[in-house]
Amino acid sequence: MSEFWLISAPGDKENLQALERMNTVTSKSNLSYNTKFAIPDFKVGTLDSLVGLSDELGKLDTFAESLIKRMAQSVVEVMEDSKGKVQENLLANGVDLTSFVTHFEWDMAKYPAKQPLVNVVDTLAKLAQIESDLKSRTAAYSALKTALENLEKRSTGNLFTRTLSDIVSKEDFVLDSEYLVTLLVIVPKPSYAQWRKTYESLSDMVVPRSTKLIAEDNEGGLFTVTLFRKVIDDFKIKAKENKFTVREFFYDEKEIKREREEMTRLLSDKKQQYGPLLRWLKVNFSEAFVAWIHIKALRVFVESVLRYGLPVNFQAVLLQPHKKSATKRLREVLNSVFRHLDEVAAASILDASVEIPGLQLSNQDYFPYVYFHIDLGLLD
């Protein structure tokens, strides 16, 4: 499973034994894979400041998770490939996400633990710059991709709607004539013989033997016919009566050249932007993901101090449930082992009508132990 539970309990002898008991039960019942989650000793500051940081970290946690999900989705959209291939590019410090989380080590160089907690949080909050860059970079690439897709759609429709610039050539038309004009007519496949037999007599002044089939799709063919300009309207009416459709198109060499050059330019621009954008996404996804897990670690520290008091003494553990069906049983084991930490919270899990005084969260988010959820299913 891509789901993890990050929990903590006081580090005294009784609770360390409770953790051991939890490890034994979950291991024997094949409920979860558990590892210690190392968190440094931070400067605590005042409890009032911790309360403020708790709220700020909660918002930052939500923001960071949203950001990395958007970045993962951007990788999907840029690569235009299967999820499996995308996952190979979603790494944290060069390793897969599960390995990074299960072997987490606090980055002392980037987030020095000796500085005040508020400074550490401020450094983590610089994720906002990545979001700003993500918006501008993906918007530019998306606009380019949309323009290219629109041009490509015009090249893949049926003969009634698609562009004809890549089908027709100069030789198909009578050009620069004061009196003559070449029209393009769409004829259903079953009516080819009828067209060839009748097109010369659909109106006056049609040039004999001037029709030629220049393109086909599943439903019909595109034929040329040359006639005098003065009978265009009459010819269109007669053609429609016979279920032949005159396609509104007049050969313009400059316009056709412009359209072809636009397609070439867009393809070139997309190719040039693809590599740098994908590299930027990979580098900054890693940075954002690493920051997110550091935010989780900080939240565990702050909540553990607020919940269990001073001096700082708690043990954090990372649990990876083995399967979805095991989560209910795993929660029951945790509740049984740690219910002594908060009898009211433990009772509320069993009875939703029990209120936890002073707590604004819904009961389902609050447990006798400190608990945070990590979901690595970023593409689900």
Side-chain angles (χ1 to χ4, degrees), residues 3-11 15 19 34-69 71 92-93 95 97-131 284-320 341 359-361 365-376 378:
E3 180 181 348
F4 292 86
W5 296 4
L6 184 52
I7 70 166
S8 83
N15 287 294
L19 284 168
N34 310 333
T35 54
K36 284 187 177 181
F37 194 85
I39 299 174
D41 293 325
F42 295 105
K43 289 185 175 181
V44 175
T46 66
L47 289 179
D48 279 350
S49 67
L50 286 185
V51 171
L53 281 177
S54 174
D55 184 52
E56 189 175 343
L57 283 167
K59 293 173 183 175
L60 194 54
D61 186 351
T62 302
F63 171 79
E65 183 173 8
S66 170
L67 176 60
I68 62 173
K69 283 184 175 179
M71 296 185 81
N93 285 352
V95 300
L97 305 185
T98 296
S99 295
F100 180 83
V101 174
T102 53
H103 298 86
F104 174 76
E105 291 182 13
W106 186 271
D107 188 338
M108 292 292 187
K110 188 177 283 188
Y111 310 110
K114 296 302 179 186
Q115 63 181 345
L117 273 179
V118 67
N119 292 2
V120 180
V121 175
D122 285 345
T123 304
L124 289 163
K126 289 177 181 175
L127 284 175
Q129 184 57 51
I130 293 180
E131 184 198 37
N284 286 275
F285 173 85
S286 174
E287 185 172 333
F289 185 87
V290 168
W292 183 47
I293 303 304
H294 279 74
I295 290 166
K296 291 288 188 185
L298 261 185
R299 292 194 77 187
V300 171
F301 178 85
V302 170
E303 297 305 319
S304 296
V305 174
L306 289 174
R307 186 88 74 90
Y308 309 137
L310 294 170
V312 177
N313 183 21
F314 67 89
Q315 176 66 59
V317 179
L318 186 74
L319 291 76
Q320 184 178 18
L341 294 175
L359 189 72
Q360 301 302 313
L361 297 171
D365 297 320
Y366 189 86
F367 303 96
Y369 44 90
V370 169
Y371 162 83
F372 292 104
H373 185 252
I374 300 174
D375 186 359
L376 303 188
L378 305 178

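In this text, all values refer to a predicted model and were calculated from it rather than measured experimentally. Values reported hereafter were calculated over all heavy atoms of this structure, with side chains retained and with hydrogens, waters and symmetry mates removed.
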For the [atom1] atom of [X] and the [atom2] atom of [Y], what is their distance to the nearest 0.5 Å?
| X | Y | atom1 | atom2 | answer |
| --- | --- | --- | --- | --- |
| L318 | T35 | CG | OG1 | 4.5 Å |
| I374 | L6 | CD1 | CG | 5.0 Å |
| N34 | L319 | CG | CG | 4.0 Å |
| N313 | D41 | CG | CG | 9.5 Å |
| S304 | Q315 | OG | CD | 10.0 Å |
| N284 | Q129 | CG | CD | 9.5 Å |

Which pair of heavy atoms, one from [X] and one from [Y], lies closest together, and at what distance?
| X | Y | result |
| --- | --- | --- |
| Y369 | R307 | O-NH2, 3.5 Å |
| M71 | F285 | CE-N, 3.3 Å |
| L306 | L50 | CD2-CB, 3.8 Å |

Would a distance-only check, ignoring hydrogens and angles, find a side-chain to backbone donor-acceptor pair under 3.5 Å from [X] to [Y]?
| X | Y | value |
| --- | --- | --- |
| Y371 | S8 | no |
| Y308 | V370 | yes |
| K43 | K114 | yes |

Heavy atoms, side chains only, cut-off 4.5 Å: are [X] and [Y] in contact?
| X | Y | value |
| --- | --- | --- |
| S49 | L117 | no |
| K110 | E287 | yes |
| V120 | T123 | no |
| Q115 | F42 | no |
| Q320 | T98 | yes |
| F4 | T102 | yes |

Could you go through residues 288-303 and list every donor-acceptor pair under 3.5 Å that involves a side-chain atom there, pairing it with any protein atom two or more places apart or in another chain?
from, atom 1, to, atom 2, distance (Å)
W292, NE1, D61, OD1, 2.8
H294, ND1, V290, O, 2.8
H294, NE2, D107, N, 3.0
K296, NZ, D61, OD1, 3.3
K296, NZ, D61, OD2, 2.9
K296, NZ, H373, O, 2.8
R299, NH1, D61, OD2, 2.8
E303, OE2, S54, OG, 2.2

(message) Between F37 and W106, is the ring centroid distance below 6.0 Å?
(response) no
